[in-house]
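Before any comments, here is the structure.
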Protein chains: 2
Amino acid sequence: MFSIGELSKRTKVKVPTIRYYEEMGLLAAPERTAGNQRRYTNEGLERLSFIRHARDLGFSIEAISSLIELQNHPDRSCEAATEIAEGQLSEVRAKIKRLKALENELKRIAQGCDGRGVAEDCYVLASLADHDLCGRDH
Amino acid sequence: MFSIGELSKRTKVKVPTIRYYEEMGLLAAPERTAGNQRRYTNEGLERLSFIRHARDLGFSIEAISSLIELQNHPDRSCEAATEIAEGQLSEVRAKIKRLKALENELKRIAQGCDGRGVAEDCYVLASLADHDLCGRDH
DNA sequence: TGTAGTGTCTCTAGTGACTAGAGGTTCAAG
DNA sequence: CTTGAACCTCTAGTCACTAGAGACACTACA
């Protein structure tokens, strides 16, 4: 049995965030002391580690909810879990793709100006003002 | 002179977003008709195009504010603009790096389970529960 | 047993960059 | 002159937290 602060230290999830997860229904409401403070068991620790790990991988609270729901019914098919993970994977891939395009564009823009001139002639500002100066679509 | 709806069409920025930019001080408050409706000139169009282009490239409202401030003082050094663009570039690169790590991890997790089993034995769920199953740090 | 200091409680509000909706007014076309 | 679309302001909601206020609880030490 440990306090919310202790749980926070062990999982590296901030105290208000733990309470937030409880409010969002991700984390079961734990027992309380006579003085109304939360007291967690190892189960709470494991659950919170799961949540944190999934958040680190970019899963939304909603997706995590579904995964936890599934965890609570070990007899169900895990198809949904695989789908969620694959959905997340393709989202990540799409983001990478988009960011790479941005990277190219920004590289081009930033290289166009050495910062030694004056705002009037700045290639950075000109590029932003005029989309036609862009290499590709974005 | 055109209405906010017309400006919206031409720039592909939604009407409430235009009003939001005005409120945030990115876009100068335009003239109004006798009936209190906004009327824009080409200047407003150009300014909004600039903003939209910068937003598309991921610049924050705050960064755009600084860029616009610079645009309004064409005699100033454009060092700041170059710095902002380079800052944005390194942020984008950092994001790409992080997302690639996530991609690998998710790929590994998603591949570990074909979705045909039962939640109890699901590798996706197991991986999320147990960080030790992860390949690398994240 | 008293007390000091830290931890915890709930509640509200703020973040960024919008988006949605209510309820009312104005414009342009026919 | 009427109709209907576009416009106005204002408030509240989104996501995943974060910050702060003001009050109460726990623990260590005297």
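Each chain gets a letter, A, B and so on, in the order its sequence line appears, and its residues count up from 1.
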Spacing between B:Ile4 atom CD1 and D:dT9 atom C1', to the nearest angstrom: 12 Å
Sorted by chain and number, sequence neighbours left out, side-chain contact (heavy atoms from CB on, under 4.5 Å) with B:Gln37 holds for B:Thr33, B:Arg39
Separation of B:Arg19 atom CZ from D:dT9 atom P, in whole Å? 7 Å
Please tell me which of the listed nucleotides, C:dT19, C:dT8, D:dC7, lies nearest to the side chain of B:Pro16? C:dT19
Nearest 0.5 Å, please: how far is CG in B:Leu125 from SG in B:Cys113? 8.0 Å
Within residues 6-14 of chain B, the residues having a heavy atom closer than 4.0 Å to DNA chain C are B:Lys14
Find the distance A:Arg32:CZ to C:dT8:P and express it as a whole number of Å. 12 Å
Nearest to the side chain of B:Thr17 - D:dC8, C:dT10, C:dT19? C:dT19
Side-chain donor/acceptor pairs under 3.5 Å, residues 12-21 of chain A, sequence neighbours excluded:
none

Measure the CD1-CD1 distance between A:Ile51 and A:Ile68 for me, rounded to the nearest 0.5 Å. 4.0 Å
Going by the rule side chain to side chain donor-acceptor pair (under 3.5 Å), which residues pair with B:Glu86 if we only count those two or more places apart in sequence or in a different chain? none
Check whether any side-chain nitrogen or oxygen of B:Tyr21 sits under 4.0 Å from OP1 or OP2 of C:dA17, and answer yes or no. no
Atom-to-atom span, CD of B:Glu22 to P of D:dC7 - whole angstrom: 14 Å
Partners passing side-chain contact (heavy atoms from CB on, under 4.5 Å) against B:Ser90 (at least two apart in sequence or in another chain): none
Give the rounded distance in Å between these two atoms: CD of A:Glu23 and C1' of C:dA13. 14 Å
What is the distance, rounded to the nearest whole Å, between atom CE of B:Met24 and atom P of C:dC18? 10 Å
Against the side chain of A:Arg55, the closest entry in D:dA16, C:dT8, C:dC18 is D:dA16
Kindly work out whether a path of hydrophobic side-chain contacts (I/L/V/M/F/W/Y, heavy atoms less than 4.5 Å apart) joins B:Val118 to B:Val124. no
What pairs of nitrogen or oxygen atoms, one from the protein and one from nucleotides 27-29 of chain C, lie under 3.5 Å apart?
unit_1, atom_1, unit_2, atom_2, d
C:dC27, OP1, B:Thr33, OG1, 2.8
C:dC27, OP1, B:Gly35, N, 3.0

Compare side-chain N and O positions of B:Ser3 against OP1 and OP2 of D:dC7 and report whether any pair is under 4.0 Å apart. yes
Report the residues that fulfil salt bridge (Lys or Arg N to Asp or Glu O under 4.0 Å) with B:Arg38, sequence neighbours left out, ordered by chain and then residue number. B:Glu22
Residues at least two apart in sequence or cross-chain that pass side-chain contact (heavy atoms from CB on, under 4.5 Å) with B:Ser65, listed by chain then number, are B:Leu26
Residue set satisfying salt bridge (Lys or Arg N to Asp or Glu O under 4.0 Å) with A:Glu6, at least two apart, ordered chain then number -> A:Arg10
Enumerate all atom pairs, one protein N or O and one N or O from nucleotides 12-15 of chain D, separated by less than 3.5 Å.
none

Anything under 3.5 Å between a donor and an acceptor, one on a side chain of residues 71-83 of chain A, the other on a protein residue two or more places apart or in another chain? List them.
unit_1, atom_1, unit_2, atom_2, d
A:Asn72, OD1, A:Arg47, NH2, 3.3
A:Ser77, OG, A:Glu79, N, 3.0
A:Thr82, OG1, A:Cys78, O, 3.2

Atom pair distance, as rounded to whole Å: CZ in B:Phe2 and C1' in D:dC7: 16 Å
For A:Arg93, all residues meeting salt bridge (Lys or Arg N to Asp or Glu O under 4.0 Å), sequence neighbours excluded: B:Glu103
Under 4.0 Å between a side-chain N or O of A:Arg38 and OP1 or OP2 of C:dT8? no
Tell me: CD1 of A:Ile18 to C1' of C:dC9, nearest whole Å? 14 Å
Under 4.0 angstrom, heavy atoms only, what part of the nucleic acid is B:Phe59 near: base, sugar-phosphate, or nothing? nothing
